[in-house]
2 protein chains.
Amino acid sequence: MGRHREFDVEKALDGVLCVFWRKGYEGASYADLTAAAGVERPALYSAFGNKEALFRKALARYYERYLDYIPAALKLPTSREVAAHILHNAIDLNTRFSNHTGCLVINGVLAGSDDAEPVRQILIEARAVAEAQLRGRFEQAKAEGDLPETAKPGTLAAFLMAVLHGMAVQAKAGFSRETLEAVAEQALSCWPGAKSTPSGKSS
Amino acid sequence: MGRHREFDVEKALDGVLCVFWRKGYEGASYADLTAAAGVERPALYSAFGNKEALFRKALARYYERYLDYIPAALKLPTSREVAAHILHNAIDLNTRFSNHTGCLVINGVLAGSDDAEPVRQILIEARAVAEAQLRGRFEQAKAEGDLPETAKPGTLAAFLMAVLHGMAVQAKAGFSRETLEAVAEQALSCWPGAKSTPSGKSS
DNA sequence: GGGTTTTAATAACGATCATTATGAAATTAG
DNA sequence: CTAATTTCATAATGATCGTTATTAAAACCC
């Protein structure tokens with residue numbers, strides 16, 4: 001019973017996502033958001049809740065639409081392939097759209113007013129989850145002999161995330177895909193190789 | 001002629017700097033700024049100009065008070081020492097103050113409203129200057145044989161900056177000094193070594 | 001088809017934003 | 001001591017912030 005919704009909720013969310021991606025959480029005003037969503041303010045509130053809830057839903061959509069290469073990468077056979085796949089896909093994502101470069105999880109809130117603190121923590125937690133997934137995958141690689149005994153999975157995960165974050169900052173500053181690819185290659189150049197298995201027998 | 005200033009301009013600027021460092025350009029309100037400076041709004045305006053001018057002066061002070069390790073590092077004898085010195089000093093700066101972690105040049109404005117675009121460009125330019133200095137120093141290292149012929153100074157500079165930016169993001173998220181030191185070590189582990197001078201005679 | 005319910009659009013809400021009039025207090029020049 | 005000048009603190013400016021009444025339009029139920 002009642003009137004139907006006249007706008008496509010997912011389309012509106014996509015528009016909202018682009019604005020948050022470009023301007024961050026606090027930098028995006030409702031004037032921007034409604035213009036991009038093609039919908040008036042009360043419609044956004046009734047469909048998504050307040051600004052923080054709206055951002056959370058945009059972030060969830062970002063993960064499922066644009067960050068799906070991460071779970072895919074984690075299934076690759078070697079830790080080096082995992083790292084390389086994530087680096088290259090991140091570069092593509094960070095430079096593909098000229099209207100919103102970089103990464104939403106970095107652009108969202110790095111530093112902001114006290115009002116933005118909850119959203120800042122959400123993004124910190126999201127990055128921590130990704131880093132933990134990488135550490136787990138690299139621990140597995142170590143157990144499999146894909147990484148040497150001396151390798152530190154936690155350090156490799158933190159290092160890879162640092163390079164990803166740094167490239168996101170650079171992409172937001174307008175760096176070219178080619179420059180970022182060179183950065184990624186440099187980061188990969190010191191990736192620990194497979195165990196030389198001096199005493200191991202390959203089955 | 002006229003009344004004397006009753007507050008210390010440099011002290012006030014230091015207070016302002018801390019707020020910008022912690023909350024970024026747009027996240028810092030005049031309520032925050034005046035509280036930290038210990039001075040009323042009109043005093044800030046008469047002494048420094050508007051918010052953008054105030055930020056520029058805080059940024060200049062940041063460079064001379066906290067980023068003086070960069071010109072010092074550029075004078076070190078080898079490119080590896082340059083990179084290591086900058087990485088370690090950046091980590092210290094990013095974690096030394098619990099009230100304003102990370103880096104002002106990153107926290108300032110990454111993504112924001114259109115109003116913040118001028119300040120965003122200022123920070124992009126500041127980072128570009130640092131990267132160009134590094135590239136110049138690494139070109140010199142290459143010419144001196146400190147870096148191999150295959151080394152790409154521009155890539156090394158961009159890579160080093162990426163790691164620095166990534167660590168600044170991580171520091172702002174609360175990462176420990178120890179974790180960041182491990183990240184820096186990983187970044188340095190692939191630093192190109194001195195030319196092996198297979199046909200060269202050491203003088 | 002009237003009554004109910006949900007959505008849509010306009011416009012208003014109080015709060016806060018950066019910026020600045022305003023006038024009192026303080027210092028120097030004559 | 002008076003006049004001129006600068007700084008000080010209070011408070012007001014218009015604009016914009018996120019959020020929400022309010023009212024008209026549309027779609028369902030009985």
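Being a predicted model, the structure only gives us computed values, none of them experimental. Residue numbers begin at 1 in each chain, while the letters A, B, ... track the order of the sequences.
Ring to ring, Tyr30(B) and Tyr45(B) are close: their centroids are under 6.0 angstrom apart.
Listed in residue order, the members of residues 35-62 of chain A having a heavy atom less than 4.0 Å from DNA chain D are Arg41(A), Pro42(A), Tyr45(A), Asn50(A), Lys51(A).
When the C1' atom of dT6(D) is taken as reference, atom CZ of Phe7(B) falls 12 Å away, rounded to whole Å. Regarding Asp114(B), its CG atom lies at a distance of 12 Å from the P atom of dT16(D), rounded to whole Å.
Side-chain contact check for Gln121(A) and Glu125(A): no donor-acceptor pair (N or O, by modelled atom type) lies under 3.5 Å. Donor-acceptor pairing under 3.5 Å is recorded for the side chains of Ser113(B) and Glu26(B).
The aromatic rings of Trp191(A) and Phe159(A) are tilted relative to each other, their planes meeting at an angle between 30° and 60°.
The environment of Lys57(A) atom NZ is dense: over 12 non-hydrogen atoms of other residues, nucleotides or ligands sit within 6.0 angstrom. Within 6.0 Å of CZ on Arg127(A) lie more than 12 heavy atoms contributed by other residues, nucleotides or ligands. Around CD of Glu10(B), the count of heavy atoms belonging to other residues, nucleotides or ligands within 6.0 Å does not exceed 12. In the displayed structure, Arg61(A) atom CZ is contacted under 6.0 Å by more than 12 heavy atoms of other residues, nucleotides or ligands.
Contacts between chain B and DNA chain C, taken as any atom within less than 4.0 angstrom of a protein heavy atom, begin and end at dC17(C) to dT28(C).
Nearest-nucleotide positions on DNA chain D for Asp32(A) and Glu6(A) put Asp32(A) closer to the 5' end. Toward the 5′ end of DNA chain C lies the nearest nucleotide of Glu26(B), the other residue of the pair Arg3(B) and Glu26(B) mapping further downstream.
A close approach under 4.0 Å does occur between a side-chain nitrogen or oxygen of Tyr30(A) and OP1 or OP2 of dT19(D). At the phosphate of dC28(D), OP1 or OP2 sits under 4.0 Å from a side-chain N or O atom of His4(A).
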